[in-house]
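Structure record follows, encoded as C-alpha cells.
Note that ligands are numbered from 1 as they come in the structure, with each ligand's atoms numbered from 1 the same way. Heavy-atom basis, side chains included; hydrogens, waters and symmetry copies ignored.
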Amino acid sequence: MLLQNWWYTTLLSSRNPIQPPLTSDITADIVIVGAGMAGLSAALRLSDMGSRVVLIDRNICGGSTTGKSAGFLTPDSELELSQILRRFGQQGAHELWQVPENGIALIRDTVAAHGIECDLLTQDSLFLANDPSGAKDVHEEAEARRRLAYPLIEYGAADLAKVIGAPTYKGAVRYPGCFGIDALRYSQGVKRVLLERGVRIFESTEAHAIDGHRVRTHGGSVIADKIIVCADKLTTAFSPYAENVFHAETFLTISEPLTDKEVAGLFPGDPLQCWDTDLVYSYWRLTGDQRLLLGGGSMLTTYARNAVTSPRVAERVIRKFLGKFPALAKVEFLQYWPGLIDMTRDLFPTVLRDPDAPWVQFVLGCVGLPWAAFCGDFAARHARSTETQQDHLYYRYFRPDRPFFMPLWSEKILSKPIVFSLNNVWAKYYQRDNKPAA
Ligand SMILES: Cc1cc2nc3c(=O)[nH]c(=O)nc-3n(C[C@H](O)[C@H](O)[C@H](O)COP(=O)(O)OP(=O)(O)OC[C@H]3O[C@@H](n4cnc5c(N)ncnc54)[C@H](O)[C@@H]3O)c2cc1C
C-alpha cells in the first residue's frame, strides 16, 4: 500500500490551478486564515454578501484535514445524538443537531448551485453494534432519535442480513439525510466559485501573526476590518487559543473498485455509510466508482502527540474488517493515509470573538465537515452583522470557557494527550450540562 492521500489522486483530473502565494501588502474588508471546510464556507457567505474577501491557506484549499477526510456527511461526528441528549437535554440536543444538519444543507446547496463535481452520493448512515454493550448504545441512539422525532430504522441482529453482509453485528440504527463526498474536490470547486466572485485566494501562504488589523505572512500582509481564523494545528505563538485544541489521529485506506458481486456481498441493499460501536471505531463507505473507503485507528496512536505514518495501523484496520467480511478477502487496498483531526476537550467546536481584539474571530476544533461548514458560515454572518442573526444562542455552546471535566492547567501534570483523551471520554459518556451558561 502506498502512503498517499487518494483524494489528491482524484484532484489530478480537475482544472483548478494552484493560486500563487501572497507577495505584497494588500487590504480587504475581511481576511480569512485557513481554507478548509470552515474557511471556505465563511468565504462563500461573505462573498455572497458583497464583502471584499481575501482567503489565505498554507496548503491548497482543502489540503489539510478537510481534504484527507472520508467525506461522510452525517450529523454524527464523534458525538452521537444520544450523547448530546444526555448532556444538554431535549432542547439542547435539538439545537445542537441543527448545527451539522444545517452544515450538510449548506454543502449540498453549494454543490447544486455551482455544479461542483465532487462525487456527492446519497448514503444513509448505519451505526452498527459490535457486541452486546454496543447493542445497548445503538438502541439508545434509536431511542434518542425517536424522542426528537427524527426518522430512523432500528435493526435487531436477525434483520441485519438485509442491509449488511456480515453476520457478527448485534444490531444497528439507520437514518437518512446523509451523503458521501470527495471533500478535496469540493474544496477546489468552491475555490473556483470564489475566484469567479472576485475573492483573492493565496495558497501556500502561511499566516505567521496577527498584528492589530494586519495578518502577516512571509512575503506580505493583509490589512482588513475583520479577521476570521479557521486554521488547524494552531500554535500558541500564533494565538493563546491554540491551548484549547489538540488532535486525534485516524487512518484511511482505499481499495481497487469492487466488483458488483463484492458490492452486493457487502451491501445486500443500498450502499450505506457505516461505523461501529468500538471506542476507536472502524468506518467505511463506497465511492462513486465502487472503491471501498475504510478507516479506523488504534488506541495507541489516536492521541499520539505527533503523527504516526506507519502502515501497521491501517493494515490492522483492514485485517479486522476482513475478519467480519471474509467474502471481500481478495479486495486489494491501494493507498492509505493518516490524518489529525483538531478537536476541543468536549468535541464541540470553539467559536469566539477575541475580547481584546473584537474584530478577530476564531473557529477552532470543528470535528466533522458539517460542523465546520456551519461554524465557518456562522462566524462569517456574525462578522458582517450582528443585528439580523437569529442564532446567537450557539455562542453559549461554543464559548471557550464552557464546562469541561479537567481544566487546561492539569496538562502540566498529566500531559495534553491524557487531559484531552479523558475529557473526550467524559464528554461522550458521562457529562451532563443541562443548563449551559447564558
Ligand atoms: C482521515 C480523516 C477522516 C475524516 N473523515 C471525516 C468524515 O468522513 N466526515 C466528517 O465529517 N469529518 C471527517 N473528518 C474530520 C474533518 O475532516 C474535519 O473535522 C474538518 O475537515 C475540519 O475542517 P476545518 O475547516 O475546521 O479544518 P481544516 O480542513 O484543517 O482547515 C484548516 C486550514 O487552515 C490552514 N492553515 C492552518 N494554519 C494556517 C496558517 N498559519 N496560515 C494559513 N493557513 C493555515 C490549513 O492548511 C487548512 O487548510 C476526518 C478527518 C480525517 C483526518
Side-chain angles (χ1 to χ4, degrees), residues 5-7 21-22 31-43 54-78 100 103-104 107 123 125 178-184 186-187 190-191 202-210 215-218 222 228-235 237-239 242 245 247-254 273-275 283-285 293-297 302 307 314 317 336-344 347 349-351 362-377 379:
N5 178 346
W6 172 253
W7 306 124
L22 180 65
V31 56
I32 300 166
V33 178
M37 183 57 84
L40 289 165
S41 304
V54 167
L55 177 61
I56 63 175
D57 198 291
R58 68 177 166 199
N59 199 308
I60 57 171
C61 292
S64 185
T65 330
T66 295
K68 290 179 184 154
S69 76
F72 287 47
L73 296 183
T74 168
D76 183 338
S77 315
E78 299 301 330
I104 292 173
I107 296 167
Q123 290 175 334
S125 284
C178 306
F179 305 86
I181 195 173
D182 176 337
L184 186 54
Y186 172 83
S187 301
V190 171
K191 173 169 101 176
F202 300 94
E203 295 178 303
S204 311
T205 300
E206 181 165 3
H208 292 308
I210 297 177
V215 173
R216 292 188 186 281
T217 71
H218 178 70
V222 188
I228 304 181
V229 180
C230 299
D232 66 330
K233 320 292 170 301
L234 217 59
T235 60
F238 188 91
S239 164
V245 180
H247 52 252
E249 181 166 47
T250 178
F251 286 74
L252 271 174
T253 60
I254 186 95
Q273 51 185 249
C274 305
W275 63 97
Y283 50 101
W284 63 95
R285 71 176 185 89
L293 188 62
L294 170 65
T302 299
V317 170
Y336 80 98
W337 63 102
L340 301 177
I341 308 177
D342 273 20
M343 50 163 203
T344 63
L347 300 162
T350 288
V351 183
F362 287 86
V363 177
L364 302 172
C366 297
V367 179
L369 301 163
W371 289 82
F374 176 93
C375 291
D377 182 71

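The side-chain heavy atoms of C61 and L40, taken from C-beta on, include a pair separated by under 4.5 Å. Side-chain contact between F238 and V229 is present, with heavy atoms from C-beta onward closer than 4.5 Å. With a 4.5 Å cut-off on side-chain heavy atoms, F202 and P21 do not count as touching. Between W6 and D182 there is no side-chain heavy-atom pair separated by less than 4.5 Å. Counting heavy atoms from C-beta outward, T344 and V367 have side chains that stay 4.5 Å or more apart. Residues H247 and I341 form no side-chain contact, since every pair of their non-hydrogen atoms from C-beta on lies 4.5 Å or further apart.
The protein heavy atom nearest to atom 22 (C) of ligand 1 is C366 O, 3.6 Å. Protein heavy atom in closest approach to atom 33 (C) of ligand 1: D57 OD2, 3.5 Å. Scanning the protein heavy atoms around atom 38 (N) of ligand 1, the nearest turns out to be R58 CZ, 3.2 Å. Among all non-hydrogen protein atoms, the one lying nearest atom 7 (C) of ligand 1 is F72 N, 3.5 Å. Ranking the protein heavy atoms by distance from atom 29 (O) of ligand 1 puts T66 OG1, 2.5 Å first. What sits closest to atom 46 (C) of ligand 1 on the protein, heavy atoms only, is D232 OD1, 3.1 Å. Summary of contacts: the protein heavy atom closest to atom 30 (O) of ligand 1 is T65 OG1, 2.5 Å.
By the 3.5 Å distance cut-off applied to N or O atoms, L340 is not counted among the residues near ligand 1. Here's the thing with A70: one of its N/O atoms is less than 3.5 angstrom from an N/O atom of ligand 1. For ligand 1, the polar-atom distance check finds no N/O of G39 at less than 3.5 Å from any of the ligand's N/O atoms.
Within a 6.0 Å radius of NE2 in H218, other residues, nucleotides and ligands contribute 12 heavy atoms or fewer.
Judged by distance alone, the side chain of D342 and the main-chain N or O of K233 form a donor-acceptor pair under 3.5 Å. With hydrogens and angles ignored, the 3.5 Å screen pairs a side-chain donor or acceptor of Q273 with a backbone N or O of F179. A donor-acceptor pair is defined here as one N or O able to donate and one able to accept, closer than 3.5 Å; such a pair exists between the side chain of W7 and the backbone of S69. Side chain of T205 to backbone of E203: a donor-acceptor contact under 3.5 angstrom is found. Between the side chain of R285 and the backbone N or O of A70, at least one donor-acceptor pair lies under 3.5 Å.
In this comparison of G34, A231, S239, the heavy atom closest to atom 39 (C) of ligand 1 sits on A231. The heavy atom nearest to atom 1 (C) of ligand 1, considering only T235, T250, L369, T217, is found in T250. Across the listed options G295, C61, G296, S69, S69 owns the non-hydrogen atom lying nearest to atom 13 (C) of ligand 1. Of the candidates I341, D342, L293, the one placing a heavy atom closest to atom 52 (C) of ligand 1 is I341.
Residue P370 has at least one heavy-atom neighbour below 4.0 Å for each of these atoms of ligand 1: 11 (O). Listed by number with element, the atoms of ligand 1 under 4.0 angstrom from any heavy atom of G339 are 53 (C). For ligand 1, the atoms sitting less than 4.0 Å from at least one non-hydrogen atom of A38 are 25 (O), 26 (O), numbered in the order shown with element in parentheses. Those atoms of ligand 1 that come under 4.0 Å of a heavy atom in N59, given as number and element, are 47 (O). Of all atoms in ligand 1, listed by their number and element, those nearer than 4.0 Å to a heavy atom of V367 are 19 (O). The contact set between ligand 1 and G36, taken as ligand atoms under 4.0 Å from a residue heavy atom, comprises 25 (O), 29 (O), 31 (O), 33 (C), 49 (O). Residue-ligand proximity, Y283 to ligand 1, at heavy-atom distances under 4.0 Å covers atoms 3 (C). Within the listing of ligand 1, atoms 25 (O) sit less than 4.0 angstrom from a heavy atom of M37.
Contacts of A207 with ligand 1, taken as heavy-atom pairs under 4.0 Å, involve both backbone and side chain. Counting heavy atoms under 4.0 Å from ligand 1, residue V33 touches it through the side chain alone. Residue contacts with ligand 1 for L234 are absent, since no atom lies close enough (heavy atoms, distance under 4.0 Å). The proximity of C230 to ligand 1, defined as any non-hydrogen pair under 4.0 Å, is limited to the backbone.
Closest non-hydrogen pair, V363 versus G376, comes out as CG1-N, 4.4 Å. Here the closest heavy-atom approach between residue D57 and residue G36 is recorded as OD2-N, 4.1 Å. Taking both residues in full, the closest heavy atoms of A231 and L364 are given as O-CD2, 4.0 Å, listed atom of the first, atom of the second, then distance.
Using a non-hydrogen distance threshold of 4.0 Å, T74 does not register as a contact of ligand 1. Ligand 1 has K68 within reach: a non-hydrogen atom of the residue lies less than 4.0 Å from it.
Side-chain atoms of S125 and T74 form a donor-acceptor pair, as typed in the model, at a separation below 3.5 Å.
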